[in-house]
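In what follows, a structure is listed as C-alpha coordinates, so that the remarks can point back to it.
Each chain gets a letter, A, B and so on, in the order its sequence line appears, and its residues count up from 1.
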Protein chains: 2
Amino acid sequence: MANANELIDDIGFHLERLGLSRTSGRVIGALMLASDATADAPTLTEQLGVAKSSLSAAVALLERYGLVQRMPGASRRERYRLTEGLFESVFFSKQGELGAFADLAERVLDQGDLAPEAQARVERMRDFYRFLLAEYPRLLERWEESRRS
Amino acid sequence: MANANELIDDIGFHLERLGLSRTSGRVIGALMLASDATADAPTLTEQLGVAKSSLSAAVALLERYGLVQRMPGASRRERYRLTEGLFESVFFSKQGELGAFADLAERVLDQGDLAPEAQARVERMRDFYRFLLAEYPRLLERWEESRRS
DNA sequence: TAGTATGTTCGGTATGTTCCGAACAAACCG
DNA sequence: CGGTTTGTTCGGAACATACCGAACATACTA
(Lines give C-alpha, C1' and ligand atoms only; values in the text may rest on other atoms or scores of the structure.)
Protein backbone atom coordinates (compact mmCIF):
# COMPACT_ATOMS: atom_id res chain seq x y z
CA MET A 1 0.00 0.00 0.00
CA ALA A 2 1.54 3.26 -1.13
CA ASN A 3 1.61 6.20 1.18
CA ALA A 4 -0.40 9.31 0.50
CA ASN A 5 2.55 11.30 -0.79
CA GLU A 6 3.27 8.86 -3.56
CA LEU A 7 -0.34 8.89 -4.61
CA ILE A 8 -0.36 12.67 -4.59
CA ASP A 9 2.72 12.76 -6.78
CA ASP A 10 1.18 10.20 -9.10
CA ILE A 11 -1.93 12.30 -9.51
CA GLY A 12 0.08 15.48 -9.87
CA PHE A 13 2.28 13.97 -12.51
CA HIS A 14 -0.66 12.88 -14.63
CA LEU A 15 -2.41 16.18 -14.24
CA GLU A 16 0.44 17.98 -15.91
CA ARG A 17 -1.00 16.73 -19.18
CA LEU A 18 -3.95 18.98 -18.67
CA GLY A 19 -1.66 21.99 -18.78
CA LEU A 20 -1.25 22.38 -15.04
CA SER A 21 2.04 22.91 -13.28
CA ARG A 22 3.39 20.11 -11.17
CA THR A 23 2.55 21.89 -7.96
CA SER A 24 -1.00 22.63 -9.09
CA GLY A 25 -1.45 18.99 -9.95
CA ARG A 26 -0.18 17.93 -6.56
CA VAL A 27 -2.58 20.33 -4.86
CA ILE A 28 -5.43 18.62 -6.68
CA GLY A 29 -4.03 15.29 -5.58
CA ALA A 30 -3.91 16.32 -1.94
CA LEU A 31 -7.46 17.60 -2.08
CA MET A 32 -8.64 14.44 -3.81
CA LEU A 33 -7.37 12.33 -0.96
CA ALA A 34 -8.62 14.59 1.81
CA SER A 35 -11.79 13.17 3.25
CA ASP A 36 -13.80 16.35 2.79
CA ALA A 37 -11.92 17.51 -0.31
CA THR A 38 -10.62 20.57 1.49
CA ALA A 39 -7.38 21.76 3.04
CA ASP A 40 -5.90 25.02 4.25
CA ALA A 41 -2.79 26.67 2.89
CA PRO A 42 -0.31 26.02 5.73
CA THR A 43 -1.21 22.36 5.74
CA LEU A 44 -0.69 22.10 2.01
CA THR A 45 2.70 23.81 2.03
CA GLU A 46 3.76 21.46 4.79
CA GLN A 47 2.34 18.36 3.17
CA LEU A 48 3.66 19.10 -0.31
CA GLY A 49 6.94 20.61 0.80
CA VAL A 50 6.64 23.74 -1.31
CA ALA A 51 7.14 27.40 -0.54
CA LYS A 52 4.02 29.31 0.34
CA SER A 53 4.67 31.58 -2.61
CA SER A 54 4.53 28.58 -4.90
CA LEU A 55 1.33 27.41 -3.31
CA SER A 56 -0.17 30.84 -3.71
CA ALA A 57 0.59 30.84 -7.42
CA ALA A 58 -0.63 27.27 -7.84
CA VAL A 59 -3.92 27.93 -6.13
CA ALA A 60 -4.43 31.14 -8.09
CA LEU A 61 -4.06 29.14 -11.29
CA LEU A 62 -6.46 26.45 -10.13
CA GLU A 63 -8.96 29.07 -9.14
CA ARG A 64 -8.79 30.75 -12.55
CA TYR A 65 -9.40 27.39 -14.15
CA GLY A 66 -12.33 26.82 -11.83
CA LEU A 67 -10.88 23.61 -10.42
CA VAL A 68 -10.57 24.80 -6.84
CA GLN A 69 -12.57 27.27 -4.82
CA ARG A 70 -11.76 29.37 -1.84
CA MET A 71 -14.12 28.61 0.96
CA PRO A 72 -15.70 31.61 2.56
CA GLY A 73 -14.90 31.67 6.23
CA ALA A 74 -14.46 33.91 9.21
CA SER A 75 -10.80 33.13 9.74
CA ARG A 76 -7.86 34.66 8.01
CA ARG A 77 -6.65 31.17 7.36
CA GLU A 78 -7.96 30.24 3.96
CA ARG A 79 -9.42 26.93 3.06
CA TYR A 80 -9.56 25.52 -0.42
CA ARG A 81 -12.06 23.07 -1.76
CA LEU A 82 -11.98 20.88 -4.81
CA THR A 83 -14.67 21.81 -7.29
CA GLU A 84 -17.50 19.32 -7.39
CA GLY A 85 -17.39 17.29 -10.57
CA LEU A 86 -13.83 18.31 -11.27
CA PHE A 87 -13.00 15.88 -14.02
CA GLU A 88 -16.26 16.33 -15.79
CA SER A 89 -15.75 20.05 -15.93
CA VAL A 90 -12.18 19.63 -17.13
CA PHE A 91 -13.35 17.42 -19.93
CA PHE A 92 -16.28 19.49 -21.03
CA SER A 93 -14.34 22.72 -20.83
CA LYS A 94 -12.59 21.44 -23.95
CA GLN A 95 -15.65 22.49 -25.86
CA GLY A 96 -14.09 25.91 -26.11
CA GLU A 97 -11.10 24.42 -27.84
CA LEU A 98 -13.32 22.55 -30.25
CA GLY A 99 -15.12 25.75 -31.09
CA ALA A 100 -11.83 27.50 -31.68
CA PHE A 101 -10.87 24.89 -34.23
CA ALA A 102 -14.21 25.12 -35.98
CA ASP A 103 -13.77 28.88 -36.14
CA LEU A 104 -10.26 28.53 -37.44
CA ALA A 105 -11.49 26.34 -40.28
CA GLU A 106 -14.23 28.81 -41.03
CA ARG A 107 -11.74 31.63 -41.13
CA VAL A 108 -9.51 29.77 -43.53
CA LEU A 109 -12.46 29.10 -45.80
CA ASP A 110 -13.50 32.73 -45.69
CA GLN A 111 -10.14 34.30 -46.28
CA GLY A 112 -8.31 31.95 -48.58
CA ASP A 113 -8.99 31.07 -52.15
CA LEU A 114 -8.10 27.46 -51.92
CA ALA A 115 -7.65 24.72 -54.42
CA PRO A 116 -10.80 22.60 -54.49
CA GLU A 117 -9.10 19.67 -52.74
CA ALA A 118 -7.78 21.93 -49.99
CA GLN A 119 -11.17 23.48 -49.57
CA ALA A 120 -12.77 20.08 -49.18
CA ARG A 121 -10.16 19.20 -46.57
CA VAL A 122 -10.79 22.32 -44.54
CA GLU A 123 -14.55 21.88 -44.81
CA ARG A 124 -14.21 18.42 -43.43
CA MET A 125 -12.17 19.75 -40.54
CA ARG A 126 -14.82 22.35 -39.83
CA ASP A 127 -17.62 19.81 -40.04
CA PHE A 128 -15.86 17.43 -37.72
CA TYR A 129 -15.41 19.99 -34.98
CA ARG A 130 -18.97 21.16 -35.41
CA PHE A 131 -20.08 17.58 -35.06
CA LEU A 132 -18.14 17.16 -31.83
CA LEU A 133 -19.49 20.43 -30.51
CA ALA A 134 -23.00 19.18 -31.12
CA GLU A 135 -22.30 15.80 -29.57
CA TYR A 136 -20.74 16.98 -26.33
CA PRO A 137 -23.98 18.01 -24.63
CA ARG A 138 -25.46 14.68 -25.55
CA LEU A 139 -22.46 12.97 -24.02
CA LEU A 140 -22.96 14.89 -20.82
CA GLU A 141 -26.61 13.90 -20.66
CA ARG A 142 -25.72 10.29 -21.07
CA TRP A 143 -23.17 10.48 -18.30
CA GLU A 144 -25.64 12.08 -15.94
CA GLU A 145 -28.11 9.39 -16.76
CA SER A 146 -25.62 6.59 -16.25
CA ARG A 147 -24.70 8.04 -12.89
CA ARG A 148 -28.28 7.88 -11.70
CA SER A 149 -28.32 4.18 -12.18
CA MET B 1 -8.29 37.86 -48.36
CA ALA B 2 -5.33 36.83 -46.22
CA ASN B 3 -2.26 35.42 -47.86
CA ALA B 4 -1.25 31.84 -47.40
CA ASN B 5 1.47 32.60 -44.86
CA GLU B 6 -0.93 34.24 -42.47
CA LEU B 7 -3.28 31.31 -42.70
CA ILE B 8 -0.41 28.91 -42.10
CA ASP B 9 0.64 30.82 -39.02
CA ASP B 10 -2.94 30.91 -37.81
CA ILE B 11 -3.23 27.15 -38.14
CA GLY B 12 0.19 26.62 -36.59
CA PHE B 13 -0.63 28.79 -33.64
CA HIS B 14 -3.81 26.89 -32.87
CA LEU B 15 -2.14 23.55 -33.27
CA GLU B 16 0.25 24.33 -30.45
CA ARG B 17 -2.65 23.57 -28.13
CA LEU B 18 -2.47 19.99 -29.20
CA GLY B 19 1.04 19.76 -27.86
CA LEU B 20 2.85 20.37 -31.12
CA SER B 21 5.70 22.82 -31.53
CA ARG B 22 5.07 25.95 -33.50
CA THR B 23 7.04 24.70 -36.44
CA SER B 24 5.22 21.37 -36.50
CA GLY B 25 1.95 23.21 -36.48
CA ARG B 26 2.99 25.37 -39.36
CA VAL B 27 4.04 22.33 -41.35
CA ILE B 28 0.55 20.96 -40.92
CA GLY B 29 -0.82 24.31 -42.01
CA ALA B 30 1.25 24.36 -45.17
CA LEU B 31 0.20 20.83 -46.04
CA MET B 32 -3.44 21.64 -45.34
CA LEU B 33 -3.37 24.41 -47.91
CA ALA B 34 -1.42 22.51 -50.52
CA SER B 35 -3.80 21.24 -53.15
CA ASP B 36 -2.64 17.64 -52.90
CA ALA B 37 -1.76 17.83 -49.21
CA THR B 38 1.91 17.18 -49.93
CA ALA B 39 5.14 19.13 -50.08
CA ASP B 40 8.83 18.41 -50.13
CA ALA B 41 11.34 19.47 -47.54
CA PRO B 42 13.22 22.22 -49.39
CA THR B 43 9.95 23.86 -50.34
CA LEU B 44 8.78 23.81 -46.76
CA THR B 45 11.98 25.28 -45.31
CA GLU B 46 11.75 28.03 -47.92
CA GLN B 47 8.05 28.66 -47.42
CA LEU B 48 8.16 28.59 -43.63
CA GLY B 49 11.52 30.30 -43.29
CA VAL B 50 12.98 27.74 -40.90
CA ALA B 51 16.30 25.94 -40.82
CA LYS B 52 16.31 22.51 -42.36
CA SER B 53 17.37 21.07 -39.03
CA SER B 54 14.21 22.48 -37.49
CA LEU B 55 12.11 21.07 -40.26
CA SER B 56 13.74 17.70 -39.84
CA ALA B 57 12.89 17.63 -36.15
CA ALA B 58 9.37 18.90 -36.76
CA VAL B 59 8.61 16.29 -39.38
CA ALA B 60 10.09 13.54 -37.22
CA LEU B 61 7.70 14.54 -34.46
CA LEU B 62 4.72 14.63 -36.78
CA GLU B 63 5.62 11.25 -38.14
CA ARG B 64 5.83 9.74 -34.66
CA TYR B 65 2.41 11.15 -33.93
CA GLY B 66 1.13 9.69 -37.18
CA LEU B 67 0.01 13.06 -38.50
CA VAL B 68 2.28 13.14 -41.50
CA GLN B 69 3.71 10.39 -43.65
CA ARG B 70 6.76 10.16 -45.81
CA MET B 71 5.77 9.35 -49.34
CA PRO B 72 7.64 6.49 -50.90
CA GLY B 73 9.42 7.69 -54.02
CA ALA B 74 12.39 7.08 -56.19
CA SER B 75 14.04 10.42 -55.60
CA ARG B 76 16.26 11.38 -52.73
CA ARG B 77 14.12 14.43 -52.28
CA GLU B 78 11.52 13.46 -49.74
CA ARG B 79 7.91 14.32 -49.95
CA TYR B 80 5.56 14.53 -46.98
CA ARG B 81 1.87 13.98 -47.00
CA LEU B 82 -0.77 14.90 -44.50
CA THR B 83 -2.41 11.87 -42.98
CA GLU B 84 -5.91 11.29 -44.24
CA GLY B 85 -8.42 12.12 -41.55
CA LEU B 86 -5.87 14.06 -39.57
CA PHE B 87 -8.16 15.78 -37.11
CA GLU B 88 -10.22 12.73 -36.46
CA SER B 89 -7.13 10.76 -35.56
CA VAL B 90 -5.85 13.56 -33.36
CA PHE B 91 -9.09 13.59 -31.47
CA PHE B 92 -9.49 9.88 -31.08
CA SER B 93 -5.88 9.38 -30.13
CA LYS B 94 -6.84 11.03 -26.86
CA GLN B 95 -8.38 7.75 -25.86
CA GLY B 96 -4.98 6.78 -24.57
CA GLU B 97 -5.02 9.72 -22.22
CA LEU B 98 -8.48 8.82 -21.00
CA GLY B 99 -7.30 5.32 -20.30
CA ALA B 100 -4.33 6.64 -18.37
CA PHE B 101 -6.63 8.59 -16.10
CA ALA B 102 -8.88 5.62 -15.55
CA ASP B 103 -5.82 3.56 -14.66
CA LEU B 104 -4.58 6.24 -12.32
CA ALA B 105 -7.86 6.21 -10.45
CA GLU B 106 -7.75 2.45 -10.28
CA ARG B 107 -4.25 2.56 -8.90
CA VAL B 108 -5.24 5.03 -6.22
CA LEU B 109 -8.13 2.82 -5.21
CA ASP B 110 -5.92 -0.24 -5.09
CA GLN B 111 -3.07 1.24 -3.15
CA GLY B 112 -4.60 3.73 -0.80
CA ASP B 113 -6.83 3.19 2.15
CA LEU B 114 -9.01 6.19 1.68
CA ALA B 115 -11.68 7.84 3.69
CA PRO B 116 -15.08 6.77 2.37
CA GLU B 117 -15.77 10.17 0.81
CA ALA B 118 -12.39 10.23 -0.90
CA GLN B 119 -12.94 6.73 -2.17
CA ALA B 120 -16.29 7.72 -3.65
CA ARG B 121 -14.65 10.68 -5.33
CA VAL B 122 -11.94 8.57 -6.92
CA GLU B 123 -14.45 5.95 -7.99
CA ARG B 124 -16.46 8.59 -9.71
CA MET B 125 -13.35 9.77 -11.50
CA ARG B 126 -12.60 6.25 -12.63
CA ASP B 127 -16.17 5.66 -13.77
CA PHE B 128 -16.24 8.87 -15.72
CA TYR B 129 -13.15 8.04 -17.71
CA ARG B 130 -14.36 4.53 -18.29
CA PHE B 131 -17.61 5.95 -19.55
CA LEU B 132 -15.79 8.22 -22.00
CA LEU B 133 -13.62 5.37 -23.13
CA ALA B 134 -16.71 3.35 -23.91
CA GLU B 135 -18.41 6.24 -25.68
CA TYR B 136 -15.60 7.20 -28.00
CA PRO B 137 -16.06 4.36 -30.48
CA ARG B 138 -19.72 5.17 -30.64
CA LEU B 139 -18.87 8.77 -31.36
CA LEU B 140 -16.64 7.70 -34.20
CA GLU B 141 -19.38 5.56 -35.69
CA ARG B 142 -21.78 8.43 -35.60
CA TRP B 143 -19.32 10.70 -37.32
CA GLU B 144 -18.70 8.17 -40.06
CA GLU B 145 -22.39 7.84 -40.55
CA SER B 146 -22.99 11.56 -40.65
CA ARG B 147 -20.25 11.90 -43.25
CA ARG B 148 -21.96 9.46 -45.53
CA SER B 149 -24.99 11.67 -45.74
C1' DT C 1 -0.85 48.92 20.23
C1' DA C 2 2.77 45.52 19.51
C1' DG C 3 3.47 41.20 17.87
C1' DT C 4 2.20 37.15 15.19
C1' DA C 5 0.09 34.64 11.49
C1' DT C 6 -1.26 34.48 6.78
C1' DG C 7 -1.05 35.33 1.97
C1' DT C 8 0.77 37.99 -2.20
C1' DT C 9 4.35 40.13 -4.97
C1' DC C 10 8.87 40.41 -6.73
C1' DG C 11 13.69 39.22 -8.13
C1' DG C 12 16.80 35.61 -9.03
C1' DT C 13 17.90 30.88 -10.24
C1' DA C 14 17.35 26.47 -12.20
C1' DT C 15 15.24 23.75 -15.64
C1' DG C 16 13.40 22.53 -19.94
C1' DT C 17 12.20 23.59 -24.80
C1' DT C 18 12.71 25.41 -29.40
C1' DC C 19 15.22 26.93 -32.77
C1' DC C 20 19.43 27.86 -35.47
C1' DG C 21 23.89 26.94 -37.74
C1' DA C 22 27.73 23.84 -38.30
C1' DA C 23 29.35 19.42 -38.87
C1' DC C 24 28.36 15.15 -40.58
C1' DA C 25 26.41 11.14 -43.45
C1' DA C 26 24.37 9.49 -47.39
C1' DA C 27 22.48 9.61 -51.95
C1' DC C 28 22.48 11.55 -56.48
C1' DC C 29 24.74 13.43 -60.81
C1' DG C 30 28.19 15.21 -63.90
C1' DC D 1 35.21 9.63 -59.16
C1' DG D 2 34.49 14.51 -57.26
C1' DG D 3 31.07 17.73 -56.34
C1' DT D 4 26.34 18.75 -55.13
C1' DT D 5 21.99 18.01 -53.03
C1' DT D 6 19.41 16.38 -49.26
C1' DG D 7 18.52 15.10 -44.62
C1' DT D 8 20.08 14.10 -39.66
C1' DT D 9 22.71 14.97 -35.47
C1' DC D 10 24.89 17.88 -32.27
C1' DG D 11 26.15 22.05 -29.47
C1' DG D 12 24.83 26.34 -28.08
C1' DA D 13 21.85 30.59 -27.75
C1' DA D 14 17.43 32.52 -26.77
C1' DC D 15 13.39 32.10 -24.54
C1' DA D 16 9.79 30.68 -21.39
C1' DT D 17 8.35 28.78 -16.98
C1' DA D 18 8.31 27.00 -12.19
C1' DC D 19 10.05 27.33 -8.08
C1' DC D 20 12.21 29.44 -4.02
C1' DG D 21 13.25 32.96 -0.49
C1' DA D 22 12.83 37.69 0.89
C1' DA D 23 10.22 41.65 1.31
C1' DC D 24 5.87 43.33 1.80
C1' DA D 25 0.79 44.09 3.04
C1' DT D 26 -2.95 42.82 5.68
C1' DA D 27 -5.58 40.65 9.17
C1' DC D 28 -5.87 38.55 13.60
C1' DT D 29 -4.61 38.40 18.81
C1' DA D 30 -2.83 39.41 23.32
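Using a 4.0 Å heavy-atom criterion, one finds that A:R76 contacts the bases of the nucleic acid, with or without backbone contacts as well.
A donor-acceptor contact shorter than 3.5 Å links the side chain of A:Q95 to the backbone of A:F92.
To the nearest 0.5 angstrom, B:Y80 atom OH is 8.0 Å from B:E63 atom CD.
Between A:E135 and B:R138 there is no salt bridge, since none of the side-chain N atoms of the basic residue sits less than 4.0 Å from a carboxylate O of the acidic one.
Here the closest heavy-atom approach between residue B:A105 and residue B:V122 is recorded as O-CG1, 3.5 Å.
Distance from the side chain of A:R77 is smallest to C:dT6 among C:dC20, C:dT6, D:dT6. Checking D:dG7, D:dC20, C:dT6 against every side-chain atom of A:V50, the shortest atom distance belongs to D:dC20. Nearest nucleotide to the A:S54 side chain, out of D:dC20, C:dC20, C:dG7: D:dC20. When distances run from any side-chain atom of B:A51 to the nucleotides D:dG21, C:dG21, C:dT6, the shortest one goes to C:dG21.
In the hydrophobic clustering of this structure, A:L98 groups with B:L140; members are Ile, Leu, Val, Met, Phe, Trp, Tyr whose side-chain heavy atoms approach within less than 4.5 Å, directly or through other members.
Atom-to-atom, CE of B:M71 to P of D:dG7 comes out at 14 Å; the value is rounded to the nearest Å. In this structure, CG of A:L48 is placed 16 Å from P of D:dA18, rounded to the nearest angstrom. Per the geometry, CD belonging to A:E78 stands 17 Å off P belonging to C:dA5, to the nearest Å. Atom-to-atom, CG of B:D40 to P of D:dT5 comes out at 15 Å; the value is rounded to the nearest Å. If you measure from atom CD of A:E46 to atom C1' of C:dG7, you get 17 Å, rounded to the nearest angstrom.
Under the 6.0 Å cut-off for aromatic ring centres, A:F128 and B:F87 do not qualify, their centroids lying 6.0 Å or more apart. The six-membered or imidazole ring of A:Y129 lies away from that of B:F91, with a centre-to-centre distance of 6.0 Å or more.
Remark on DNA chain C: of its neighbouring residues B:K52 and B:L55, the 5'-side contact belongs to B:L55, judged by nearest-heavy-atom nucleotide. Mapping B:P42 and A:A58 onto DNA chain D by nearest heavy atom places B:P42 closer to the 5' end of the strand.
In the interface, the side chain of B:S56 is not paired with the base of D:dG7 through any donor and acceptor atom under 3.5 Å apart.
Within residues 9-27 of chain B, the residues approaching DNA chain C are B:S21, B:R22, B:T23, by heavy-atom distance under 4.0 Å.
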